[in-house]
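Have a look at the structure below, then the notes.
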Amino acid sequence: MSEFRAFSAPGKALLAGGYLVLDPKYEALVVGLSARMHAVAYPYDSLQEPDSFEVRVRSKQFNNGEWLYRVSPETGFVPVSTSGSKNPFIEKVIANVFNYFKPNMEDYCSRNLFIIDIFSDDAYHSQEDSVTKVHGSRRLSFHSHRIEEVPKTGLGSSAGLVTVLTTALASFFEPKLTNNVEKYRNVIHNLSQVAHCQAQGKIGSGFDVAAAAYGSIRYRRFPPALISNLPDLGSAVYADELTHLVDEVAWNITIKSNHLPSGLVLWMGDIKSGSETVKLVQKVKKWYDSHTPESLEVYAELDHANSRFMEGLSKLDNLYESNNDYCAEVFESIEKNDSTCQKYSEITDVRDAVATIRRCFRKITEEAGADIEPPVQTKLLDDCQTLKGVLTCLIPGAGGFDAIAVIATQSVDLRAQTAGDERFSSVQWLDVSQANWGVGKEEDPETYLDK
Ligand SMILES: Nc1ncnc2c1ncn2[C@@H]1O[C@H](COP(=O)(O)OP(=O)(O)OP(=O)(O)O)[C@@H](O)[C@H]1O
Ligand SMILES: C[C@@](O)(CCOP(=O)(O)O)CC(=O)O
């Protein structure tokens with residue numbers, strides 16, 4: 001592939017299944033977000049030295065946002081940084097894409113320099129200390145700090161980066177990929193899961209990479225051993241083992257396309273406070289292991305409530321598609337968010353399920369000492385629940401202090417409704433909503449190019 005091409009991958013919000021999704025027994029609901037990570041691949045260029053490849057990844061929105069890596073067949077495509085700065089996510093993508101495609105130098109001797117630009121939409125990061133500039137024909141935020149120093153909003157920038165960079169890098173080796181990402185989606189997903197786990201140094205559930213690859217889905221994880229059993233990068237058998245895992249092994253993963261009800265919108269509130277997902281996961285696991293069989297019962301109750309939540313959303317989606325008089329009554333009731341809501345099981349079923357989920361998470365918060373739904377978030381969610389147009393609200397993902405998710409009717413404007421209301425002073429509503437499609441080609445790559 002020799003012309004400019006661009007791809008993007010969505011962010012994520014885990015709405016049901018936090019913690020349980022680490023166990024393949026349980027299904028989760030993760031929604032793709034309109035905030036996307038973008039990658040622009042330039043035509044091949046040539047290095048002076050013909051015995052290796054150089055991959056230059058530039059993230060111009062951030063200070064020192066450029067990473068140069070050299071790889072060669074002789075060294076098992078182990079990336080060597082030639083720019084001084086390292087980015088583990090970029091490094092592992094390079095390592096795995098090259099080990100999967102195993103290019104030989106003769107085929108690429110005059111086209112062994114690959115240049116890729118990365119862009120991230122505003123919602124992924126705090127906009128403090130940034131300026132908005134027109135780049136190409138896009139308005140982007142440019143930060144005065146390094147990417148690692150810019151506060152993030154937890155929308156899955158690393159999963160989106162890994163997935164979209166895997167796609168862009170693979171497009172240098174597979175010419176047909178650019179115009180048919182769908183055909184290579186599973187390969188992109190599998191390579192991205194491997195790279196993301198290796199870069200993070202841990203094997204999470206992978207829901208975030210699955211959402212970046214496939215969009216809004218119901219998700220059940222793959223067995224961690226698939227990735228932990230891979231040999232060390234650089235070993236003589238790594239490339240073959242990786243290719244076997246990506247192309248031939250059954251991952252036993254569940255990825256079912258899903259979406260929020262058409263008549264409803266997802267609002268993400270950023271609370272400008274951090275959460276330590278790794279520490280939360282450790283505390284919950286310790287609690288789970290030390291409180292059996294009660295903890296198993298709590299998980300069973302959570303799983304049942306998660307299923308009722310997902311089913312309730314599907315029922316509302318079907319109702320909205322019916323577009324009949326009863327549908328209008330139900331959605332008007334959500335708009336009013338008054339006592340009439342009690343009349344409609346389509347509303348009460350969802351709210352009861354979320355109430356159970358929240359109650360179970362508060363129980364774990366208390367018993368495990370893990371701030372999944374700490375009291376300050378309980379108060380905020382209870383206040384959100386009273387707002388006009390709100391169907392339900394919850395703490396996404398691992399929970400903590402940094403975010404809330406609200407599902408509301410299309411016409412509601414939570415910014416206007418909460419402006420000046422002290423109860424919501426800690427909330428910054430992100431300019432993001434649900435977007436159901438996964439990684440894909442962008443139709444207008446020239447819009448990313450600074451003239
Ligand atoms: N635009 C970018 N350019 C280069 N690297 C990026 C970019 N965005 C994210 N990254 C990499 O991803 C890292 C952040 O990933 P991390 O897993 O900590 O948070 P996240 O994926 O944004 O959110 P969360 O995992 O909490 O949902 C950054 O430190 C950087 O290494
Ligand atoms: C706690 C966990 O189940 C979800 C974490 O979600 P988030 O990173 O807070 O969006 C961890 C995982 O699934 O890898």
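Starting from 1, each residue takes its place in the sequence as its number. Whatever order the structure lists them in is the order used to number ligands and atoms, beginning at 1.
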Self-check item: Side-chain donor or acceptor of E367 paired with backbone N/O of W287 under 3.5 Å
Solution: no
Quiz item: For ligand 1, which atoms have a heavy atom of G154 less than 4.0 angstrom away?
Solution: 23 (O), 24 (P), 26 (O), 27 (O)
Quiz item: Under the 3.5 angstrom rule, does the side chain of Q385 hit a backbone N or O of L391 as a donor-acceptor pair?
Solution: yes
Practice problem: Measure the acute angle between the ring planes of W267 and W429, then classify it against the limits of 30° and 60° as parallel, tilted or perpendicular. | Solution: perpendicular
Quiz item: Name the residues with a heavy atom less than 4.0 Å from ligand 2?
Solution: K12, L14, G18, Y19, V21, L22, G204, S205, F207, T277, V281, G397, A398
Exercise. Determine the minimum heavy-atom distance between K86 and E148, stating which atoms define it.
Key: O-OE2, 4.2 Å
Self-check item: L15, D303, N306 screened by side-chain contact (heavy atoms from CB on, under 4.5 Å) with I357, the one that passes
Solution: N306
Self-check item: Distance in Å, N258 CG paired with L260 CG, rounded so as to fall on 0.5 Å steps
Solution: 8.0 Å
Quiz item: With only distance considered, is G156 within less than 3.5 Å of ligand 1 through an N or O on each side?
Solution: yes
Quiz prompt | Spatial distance of atom CZ (R358) from atom CG (L394) [nearest 0.5 Å] | solution = 8.5 Å
Practice problem: Check whether NZ of the Lys or CZ of the Arg R5 lies under 6.0 Å from the centre of the six-membered ring of F172 and within 45 degrees of that ring's axis. | Solution: yes
Quiz prompt | Where ligand 1 meets Q200 - atom numbers and elements under 4.0 angstrom, heavy-atom basis | solution = 17 (O)
Exercise. Could you check atom 22 (O) of ligand 1 against the protein and tell me its nearest heavy-atom contact, residue, atom and distance included?
Key: S157 OG, 2.3 Å
Exercise. Have a look at ligand 1 and work out which part of F62, if any, has a heavy atom under 4.0 Å from it: side chain, backbone, both or neither.
Key: side chain
Quiz item: Which protein heavy atom lies closest to atom 17 (O) of ligand 1, and at what distance to 0.1 Å?
Solution: S158 OG, 3.0 Å
Self-check item: D208 heavy atom under 4.0 Å from ligand 1
Solution: no
Quiz item: Got a donor-acceptor contact below 3.5 angstrom from the T163 side chain to the G160 backbone?
Solution: no
Quiz item: Can you check whether H259's main-chain N or O pairs, donor with acceptor, with S216's side chain at less than 3.5 Å?
Solution: no
Quiz prompt | Subset of ligand 1 atoms that lie under 4.0 Å from at least one heavy atom of L161 | solution = 5 (N), 6 (C), 10 (N), 11 (C)
Quiz prompt | For S59, atoms of ligand 1 separated by under 4.0 Å from a heavy atom | solution = 1 (N), 2 (C), 3 (N), 4 (C)
Quiz item: For the ring pair Y26 and Y19, is the centre-to-centre distance below 6.0 Å?
Solution: no
Quiz item: Quick one: which ligand 1 atoms are inside 4.0 Å of a heavy atom on F89?
Solution: 11 (C), 12 (O), 13 (C), 31 (O)
Self-check item: Ligand-residue contact atoms, ligand 1 with W67, heavy atoms, under 4.0 Å
Solution: 4 (C)
Exercise. For residues V284 and I372, report the shortest heavy-atom separation together with the two atoms involved.
Key: CG2-CD1, 3.9 Å
Quiz prompt | Structural part of N87 in contact with ligand 1, heavy atom criterion under 4.0 angstrom | solution = side chain
Quiz item: Centroid-to-centroid, F101 to F77, below 6.0 Å?
Solution: no
Exercise. Among all protein heavy atoms, pick the one closest to atom 30 (C) of ligand 1 and tell me residue, atom and distance.
Key: I147 CG1, 3.8 Å
Practice problem: May I ask you to list the atoms of ligand 1 that are less than 4.0 angstrom from any heavy atom of S120? | Solution: 1 (N)
Quiz item: Contact between Q61 and ligand 1, counting heavy atoms under 4.0 Å?
Solution: no
Quiz item: Taking the side chain from E241 and the backbone from A239, do they hold a donor-acceptor pair closer than 3.5 Å?
Solution: no
Self-check item: Proximal atoms of ligand 1 relative to K12 (non-hydrogen, under 4.0 Å)
Solution: 27 (O)
Quiz item: For ligand 1, is there an N or O atom under 3.5 Å from any N or O atom of K152?
Solution: yes
Quiz prompt | Within-cut-off N or O pair, H196 and ligand 1, under 3.5 Å | solution = no
Quiz item: Within the distance-only criterion (no hydrogens, no angle test), does the side chain of E27 pair as donor or acceptor with the backbone N or O of S307 below 3.5 angstrom?
Solution: no
